[in-house]
K.L.:
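Following this message is one structure expressed as structure tokens.
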Amino acid sequence: MELIMQTDKLTKTYGKKDACKDISISIRQGEIYGLIGRNGAGKTTIMRMISGLSKPTSGSYSLFGKTGAEMQKELRNVGVLIEHPGLYPKLSARENLKIKCIGMGVNYKNGYIDTLLKTVGLENTSDKKGAGSYSLGMRQRLGIALALVGEPKMIILDEPINGLDPQGIVEIRHTLEQLRDERGITIMISSHILDELGKLADSYGIIHEGYLLDQFTAEELHKRCGQFISINTGDNDKTVELLKKHGFDKVEIDHDSIIRVNEHLDESADIAKLIVNADIPLKEIFINNISLEDYYLSVTGGKHNG
């Protein structure tokens, strides 16, 4: 899959403090990329730089394969919602979108604004109510609609589900999935609500104290996390051979030298019996369930305050 954005040792320094340092990330076309980190980790700083709102102190980045002056032209193809939506509180959703269209030179006639409102689930919003009276979830959805003005190829969303109730979070998640699946829009999203991000993203980057600690795909995350049978014996290599001989194909020894069985979770008792009958000392066997949050805490050393 084609890379739509890359950064190379991107760094932003304020005074003597590095807000982020040597950030090298890659985002593929048509995916949702989740940027994970605690408040103050540097997520917003990274997003501001790659959206053209802040100039890097050092390092570089490319958009759609373009760099330098050519890349600046491509920023028009990037929609942005960073921190809070910039709304006119006394104007309706439709009026806010109309102003954004005029500012970008986009033809808002022929149902264009209606399509945007429907895309984010605001088609039934009253034109008489100002955006200042909207719920937080409605304002966030309107912010996403504003980011979509001009048909961008990529949108950058900073904490779009922060502060939402469970229903609002689900609605935003479904909206983003539709934008990816039906319109092919690449999405970069930051969040510290890791359970929701784990349901949504295709790739991830972990930011901690200004540094990129890890970057991985959802498939790689599933291998590192998820639910599996964890086994430790007196001879793990021999145990793996035994299990594969008896039809357990998804068996491996992980980085902690522990056997991991990624299938047949209801057959742990049968597996234990196989091992014991083969005269292999069985030290432990249990169902393990590692979440994205667990993995994040293991990478960052457990320092997470949400």
Side-chain angles (χ1 to χ4, degrees), residues 25-26 28 31-39 41 43 161-162 166 169-170 173-174 176-177 189-209 211-306:
I25 61 178
S26 301
R28 298 171 298 174
E31 75 171 355
I32 297 177
Y33 185 98
L35 199 58
I36 305 169
R38 62 192 293 179
N39 293 333
K43 305 187 302 296
I161 59 177
N162 189 28
I169 290 174
V170 171
R173 170 157 48 91
H174 289 167
L176 299 181
E177 288 173 338
I189 175 175
S190 71
S191 181
H192 55 256
I193 306 177
L194 302 189
D195 180 54
E196 276 302 316
L197 205 56
K199 299 174 184 177
L200 180 65
D202 303 297
S203 295
Y204 304 85
I206 294 179
I207 305 293
H208 187 63
E209 296 181 352
Y211 289 88
L212 178 68
L213 299 188
D214 199 1
Q215 186 172 219
F216 45 91
T217 65
E219 183 178 353
E220 291 168 335
L221 176 66
H222 178 72
K223 291 179 180 178
R224 302 174 191 184
C225 304
Q227 196 172 46
F228 56 92
I229 302 173
S230 181
I231 306 170
N232 191 18
T233 72
D235 191 335
N236 284 346
D237 290 330
K238 185 176 180 180
T239 301
V240 169
E241 292 180 9
L242 174 71
L243 293 177
K244 288 186 175 182
K245 181 179 179 181
H246 284 82
F248 294 91
D249 299 320
K250 298 180 180 179
V251 181
E252 59 187 0
I253 298 178
D254 66 18
H255 60 280
D256 292 323
S257 299
I258 300 298
I259 298 171
R260 176 171 172 155
V261 182
N262 297 303
E263 60 181 347
H264 303 296
L265 301 183
D266 58 341
E267 298 182 24
S268 58
D270 295 330
I271 291 174
K273 186 176 180 180
L274 275 175
I275 295 170
V276 171
N277 288 343
D279 293 326
I280 300 174
L282 178 60
K283 298 180 180 180
E284 62 179 357
I285 179 170
F286 60 93
I287 302 295
N288 204 340
N289 190 8
I290 300 177
S291 66
L292 174 58
E293 182 172 2
D294 294 330
Y295 183 71
Y296 167 82
L297 291 173
S298 72
V299 171
T300 60
K303 298 179 180 180
H304 180 43
N305 66 357

K.L.:
For H174, give me all partners under side-chain hydrogen bond (donor to acceptor under 3.5 Å, both in side chains), at least two apart in sequence or on another chain.
P.N.:
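H174: no side-chain hydrogen bond (donor to acceptor under 3.5 Å, both in side chains) contacts found.
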K.L.:
Under 3.5 Å, side chain of N236 to main-chain N/O of T233, donor-acceptor pair present?
P.N.:
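Side chain of N236 to backbone of T233, a donor-acceptor pair under 3.5 Å: yes, one is there.
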K.L.:
Under 3.5 Å, is there a donor-acceptor pair between the side chain of E220 and the main chain of T217?
P.N.:
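Between the backbone of T217 and the side chain of E220 there is a qualifying donor-acceptor contact (under 3.5 Å).
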K.L.:
Rounded to the nearest 0.5 Å, what's the gap from CD1 on I193 to CG on L292? Could you check?
P.N.:
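Reported value, rounded in 0.5 Å steps: 12.5 Å.
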K.L.:
Verify, without hydrogens or angle tests, whether E284 (side chain) and I231 (backbone) share a donor-acceptor contact under 3.5 angstrom.
P.N.:
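Looks like no, no N/O pair under 3.5 Å.
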K.L.:
With a 4.5 Å heavy-atom cut-off, do H208 and V299 have their side chains touching?
P.N.:
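When only atoms from C-beta onward are counted, V299 and H208 do not touch, as no gap falls below 4.5 Å.
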K.L.:
Look up atom CD in E31 and atom OG in S26, then write down how far apart they are to the nearest 0.5 Å.
P.N.:
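Atom-to-atom, E31:CD and S26:OG are 9.5 Å apart.
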K.L.:
For side chain to side chain donor-acceptor pair (under 3.5 Å), just list the numbers for R28 and S203, CA-CA rounded to whole Å, side-chain angles, deciding distance to a tenth of an Å, and then say yes or no.
P.N.:
CA-CA 9 Å; R28 298 171 298 174; S203 295; 3.0 Å; yes
K.L.:
D294: what forms a side chain to side chain contact (heavy atoms under 4.5 Å, CB included) with it, not counting sequence neighbours?
P.N.:
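Counting only residues at least two positions away or on another chain, D294 forms a side chain to side chain contact (heavy atoms under 4.5 Å, CB included) with I290, S291.
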K.L.:
Hey, would you say the F216 and Y295 ring centroids sit under 6.0 Å apart?
P.N.:
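Between F216 and Y295, the centre distance is under 6.0 Å.
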K.L.:
Kindly list each side-chain donor-acceptor pair under 3.5 angstrom involving residues 242-252, sequence neighbours excluded, with atom names and distances?
P.N.:
unit_1	atom_1	unit_2	atom_2	d
H246	ND1	L242	O	3.0

K.L.:
Using side chain to side chain contact (heavy atoms under 4.5 Å, CB included) as the criterion, list what pairs up with V276, not counting sequence neighbours.
P.N.:
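Per chain and number, V276 pairs via side chain to side chain contact (heavy atoms under 4.5 Å, CB included) with L282.
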K.L.:
Could you give the distance from CG (N288) to CD1 (I229), rounded to the nearest 0.5 Å?
P.N.:
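Going from CG on N288 over to CD1 on I229, the span is 11.0 Å.
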K.L.:
Between the main-chain N or O of I285 and the side-chain N or O of N232, is there a donor-acceptor pair closer than 3.5 Å?
P.N.:
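The answer is no, because no donor-acceptor pair under 3.5 Å joins these two groups.
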K.L.:
Which residue pairs pass the salt bridge (Lys or Arg N to Asp or Glu O under 4.0 Å) test when at least one of the two sits in residues 192-207, sequence neighbours left out?
P.N.:
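Sorted pair list: R173-E196, R180-D202, D195-K199, E196-K199.
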K.L.:
So, using side chain to side chain contact (heavy atoms under 4.5 Å, CB included) as the criterion, who are the partners of D235 when residues are at least two apart?
P.N.:
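With neighbours one apart ignored, the set is D237, K238, I280.
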